[in-house]
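Remember, it's a predicted structure, so these values are computed and weren't measured experimentally. Each chain gets a letter, A, B and so on, in the order its sequence line appears, and its residues count up from 1.
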Amino acid sequence: MLNLSNLTMEFGALRSISELDLTVNKGEIVSVIGPNGAGKTTLFNVITGIYTPTSGSVELDGKSLLGLDPARINHAGVARTFQNVRLFLNMSVIENVMSATYGHTRAGLFSSALALPKSRKEEKLVRAKAEELLSFFGSRLTGYRWDQPAYSLSYANRRRLEIARALATEPKLLLLDEPAAGMNPKETQEITEVVERLRVEKGLTILIIEHDMHVVEGVSDRVVALDHGVKIAEGDFDHVATHPNVVEAYLGRGAADRK
Amino acid sequence: MSYLGQQLVNGLTLGGVYALIALGYTLVYGVLQILNFAHGDVYMVGAFIGFFVMVGLGGPLAPSVPVAIMVLIMFLVAMLGTGLLGIVIERFAYRPLRNSTRIAPLISALGVSILLQNAALLLFSANIRTYDTSSYIPSTLGFSFADITIDGVRLFVLVLSIALMFGLARWVNTTQVGRAMRAIAYDRDAAVMMGIDVDKVIRWTFFVSAALAGAAGVMNGLLLRGVSNGMGLVPGLKGFTAAVIGGIGSIPGAMLGGLLLGVVESLAQGYLSTNFSDTITFALLIVVMLLKPNGLLGKRAIVKA
Amino acid sequence: MSENRVPEEIQENAAHEAAKLGIGTDEWVAQHEERTARKKGLKGVPQFIDESIPAWARWVVLLAAAFAFGAFVDNQYLLRIGVNLGLFVMLSYGLNIVMGYAGLLDLGYVAFYGIGAYGYALMSSEQLGHHWSTWLSVLIIIIGTALLGYIVSLPARRLFGDYLAIVTLFFGQVFVQLVLASDNITFPWADDYVDITAGANGIPGIDPFSFFGHKFLNIRDYYWLLLVLVALLTITISRINRTRIGRAWRTIREDALAAESMGVMVNRLKTMAFVTGAAIAGLAGAIFAAMQSAVFVSGFDMPLMTMIYAAVILGGSGSLAGAVMGAIVMSVLPEVLRVTNYSEILFLAVLVLTLAAVGKSVKRFTINIVSIALIGFAVKILLGFASIKITPTEEWVVGPVSRALSHWMYVPLDRVLWGNCAFVILIVLIAYFTTTTPRIKTILLPIIGYLGIFLWEVRLVTDVNTTRQLLIGAMLVVLMITRPQGFLGKPRVEVL
């Protein structure tokens, strides 16, 4: 589904991603791991069009995403969450989700202003859809919380809301940037289940950045390890976790030698 | 040729004044990331202080001290006065808003600007005052060079503005407060954790930036322009333009932008149209902003996601 | 470890009670936060109004009042205030879309108003000798300003925040400078100069609106027109705000990058906001020109810009009701201040309210009022001995309030000098007041109160325009410090 080949991203003299090849197949859950500064979030930013890569190609279902702006890449079927959670804080919880349906709804300035039947019907559908998506997280994001401002949510709920918002864009491919960061063990366990359910119930292909190895082990079909923008290992969890290059990247040369 | 040279000289003089105003915008923006819209009005206050010091010392026709000393006192008092005003403005209009929304300081600054303009109107009335420079500094002073005349006042203003700029650069680069200022501009949170007294540095920043505007105000008076309560708007905007053209937050950028703007304005007046010179200046700004949003010497910010 | 354990049944009971009240559940926690956030006393008034009166009821009351005003008021001056209010509301609505919803800081907004006004003036006066039909000129203006809004929005695609503010500010200035300079243009192909805008002299003799043969000769016609327009705009804008486009505008305000990643076409929406705001301002400008029958470029400069911004921010950026409230304050208040007798009453009312708010208890409040009275008498008696010349009572008394005050107030002969001194001292004292200890504050408060009344009576009532501007300036600063979200706005959270 997603095909990156020979991807390079440079900021001046700094080479953040270096000649990276990566393929994610339909229905797969792939984890990207690596120490801080390995280029993981940069990779997401390149895929979603926030950065334009220096060279290489990014393809979704055989169509190039290069040169498209982030909104169009989203329309093409890529949705994401952010490492530092970027919600629309002063909008209500449900509006956060409803706003993300922008790409596949039509109501314009005039039809909304005149409240034409078409736009009213669409508005009802959008609301129903948002309610359904928020219910995906069980009782966590339902009922009275819908009309509260997003800033009143707890940290874990903000992460959940961000996922619901990404789902509202009707993606094929979902990019999750450290979905379990800052969560307690119970919430982390929940996130692991949520990721699996996203694949089963929503039929999504998922690319996930995660530092928590329990999550990585729990969800991934395949793991890709990056260091300094270079792919140093790829395969199933056990293969990558014990790969000498990976151990070295995380713990230093000595650790790899002792092994 | 001589006409061009004359316009260039006039432009540089004017540019020196703009650069001083621009430096004030840039210093404050560098440290606090706010646009100090009241800056033009601080400049106006400086011009008034200079005027009243001159009147207090016997007026233009019968100064009670030698002219050189009178001018010196005018500058010192105006710079000190506006500097203190800058501190007061920061304390009451900006400090309470340091953790507020992005737009709050901007609106507060508009409020201060209105307050200063109308306080001046109330206290000094709407009459336009003039420094009558020619009655104590003869216009024959100065020198000619290949058909280009630089009269004494222009020369003085040009030299003083350059001296002030160098003084500022030295201050920012060598003093402890100056270094702390750059540290805060780079990363305020980190600076706080390194034990830098942010309040003190911001106070100093506002003092220096306002004092420069005060000096510019007196220069404006000496260059024989009228002093009135609304005089701050256009030079304020132009100083601001200069800061933006140079790259707001960058000190050399503000100097370059100021001088450039002065020259462009002077040339536009001389060769294109007196009527449209302001339009041309402002249009120039818009073009620069579109082509190089971070200004000529500004750093490009990386978008973080 | 404490051995005093609570008996089990009590524990159980407490737990049971708690469960019944819902204590500890998510819902209770959320509501608890709301309860503790509730402000008490005077500060709670905006919140109380906001929560206890439903929005539709407020609008109905407002509409009824506006309707009654148009139907029963015959005074031309009052009607004119009403028309100005209507224009102000339109401008606030437009700016509210650009700034309040989309979060774009457009400091050149007022130029669209000016372009609308000048556009209509040029199409309907002797300046260029055109007298086009109202329909045509208004249509051209709406399309023209929308187009200009589109052009101005192009930089907004690349710039945001302060930078956008700068560029738009200069757009506004370019408009003013162009109008000023376009009275004397020599084109390369012509010998004589051309006068397009009459520069600072303005354009007089503009035709009134005329629809279906009905000429708008009475100011009341404009009032009804504006009432209908404002009502329509209120309905349509609030609908847009609630639905797709409005939501998308607000996502840009909140986080443009996240919005873009969620599929929101940020640039197109920015443009849409600019275009809508510009068209509304342009239409308002055309109405203004037709109503005034003369336009002057100085009326479309920074002072008006600040007034519109003040209106939107005062009421609460992002709220239509707030925009109306802000517009009422900003357009009616100056008129009230113009009538010295009203302005005295207003000032004293505000002073008393401030004292009540600061004093916190009835006792304090009484002490403050009495102290102010005593200071007044003391000053009058003491300075009476110093035999400084005073202004004869007849010269400064303007109404019943100042007549009552004249028995108490000391008014020196040189009112300008003494007033200026009082002004400077007052500012210094207020600055000192905000930073000092509570004990000194108690002493200072009555002195500040007295100086305030003195300054008002001696200096400010005679200089209405300056006073008004001073008050607006002070209000903006104080508002930003105390309630940056405005009177009817919701508190905002921003991650910088």
Side-chain angles (χ1 to χ4, degrees), chain A residues 45 48-50 69-75 78-82 84-91 95-96 98-115 119-120 122-123 126 139-140 143-145 148-154 157 162 165-166 168-171 175, chain C residues 22 25-31 33-34 37 97 101 103 146 157 232-269 271-273 275-276 279 317-318 485 489-495:
Chain A
N45 286 343
T48 53
I50 291 169
D69 60 35
R72 289 216 164 72
I73 289 179
N74 175 270
H75 298 171
V78 183
R80 71 175 291 182
T81 65
F82 294 88
N84 44 356
V85 193
R86 303 181 73 148
L87 289 171
F88 308 128
L89 287 177
N90 296 293
M91 294 168 67
E95 272 189 321
N96 263 276
M98 288 164 83
S99 64
T101 62
Y102 184 89
H104 49 86
T105 45
R106 291 277 80 84
L109 208 53
F110 290 100
S111 61
S112 304
L114 303 174
S119 82
R120 278 202 230 178
E122 187 180 272
E123 188 65 16
V126 165
S139 62
R140 295 290 191 181
Y144 75 98
R145 279 194 222 274
Q148 291 199 329
Y151 65 71
S152 69
L153 293 181
S154 70
N157 268 339
E162 219 190 8
R165 186 180 69 177
T169 66
E170 298 187 348
L175 311 180
Chain C
T25 64
D26 286 352
E27 193 149 1
W28 183 86
V29 173
Q31 285 170 356
E33 275 167 9
E34 244 168 64
I97 290 177
Y101 295 157
R157 298 180 161 207
L232 281 179
L233 282 175
T234 310
I235 295 169
T236 50
I237 295 176
S238 62
R239 270 182 186 159
I240 292 170
N241 179 38
R242 274 199 308 269
T243 51
R244 178 169 173 259
I245 303 289
R247 270 197 303 270
W249 275 336
R250 281 176 286 139
T251 64
I252 301 176
R253 178 190 71 194
E254 294 298 319
D255 187 335
L257 192 120
E260 210 174 6
S261 298
M262 291 306 123
V264 175
M265 307 290 276
V266 171
N267 285 338
R268 188 184 294 177
L269 281 152
T271 300
M272 228 187 263
V275 167
T276 320
S317 168
Q485 75 270 28
K490 294 200 168 55
R492 286 176 50 78
V493 173
E494 258 178 53
V495 183

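- Among A/S99, A/A166, A/A100, the residue with the largest count of heavy-atom pairs under 4.5 Å with chain C is A/S99.
- A cation-pi geometry, defined here as NZ or CZ lying under 6.0 Å from the six-membered ring centre and within 45° of its normal, does not hold between C/R253 and C/Y101.
- Heavy atoms of A/T169 lying under 4.5 Å from chain C belong exclusively to its side chain.
- Heavy-atom distances place the backbone of A/L114, and not its side chain, under 4.5 Å from chain C.
- Listed in order of number, the residues of residues 232-240 of chain C that approach chain A to under 4.5 Å between heavy atoms are C/T236, C/R239, C/I240.
- Among C/E260, C/M265, C/R250, the residue making the largest number of heavy-atom pairs under 4.5 Å with chain A is C/E260.
- In terms of heavy-atom pairs under 4.5 Å with chain C, the best-connected choice from A/P171, A/S112, A/A113 is A/A113.
- There is no contact between C/I252 and chain A, counting heavy-atom distances below 4.5 Å.
- Judged by distance alone, with hydrogens and angles left aside, the side-chain atoms of A/S111 form no donor-acceptor pair with the main-chain N or O of A/S119 at under 3.5 Å.
- Here the side chain of C/E254 pairs a donor or acceptor atom with the backbone of A/N90 at under 3.5 angstrom.
- For the pair C/R242 and A/E123, the minimum side-chain heavy-atom distance is 4.5 Å or more.
- Note on A/A79, A/G103, A/A115: by heavy-atom pairs under 4.5 Å with chain C, the leading option is A/A115.
- Using a 4.5 Å heavy-atom cutoff, the side chains of A/T48 and A/P70 are not in contact.
- With a threshold of 4.5 angstrom between heavy atoms, A/E95 approaches chain C through its backbone and through its side chain.
- Listed by chain and number, the residues in a side-chain hydrogen bond (donor to acceptor under 3.5 Å, both in side chains) with C/N267 amount to none (sequence neighbours excluded).
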As a quick check of understanding, evaluate side-chain contact (heavy atoms from CB on, under 4.5 Å) for C/W249 and C/T276, giving each step before the final call.
CA-CA 12 Å; C/W249 275 336; C/T276 320; 4.3 Å; yes
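- No part of A/E162 comes within reach of chain C, as not one of its non-hydrogen atoms sits under 4.5 angstrom from that chain.
- Judged purely by atom type and a 3.5 angstrom limit, A/H104 uses its side chain to pair as donor or acceptor with the backbone of A/A168.
- At distances below 3.5 Å, not a single donor-acceptor pair connects side-chain atoms of A/R86 with backbone N or O atoms of C/A258.
- For the pair C/S261 (side chain) and C/L257 (backbone), a donor-acceptor distance under 3.5 Å is present.
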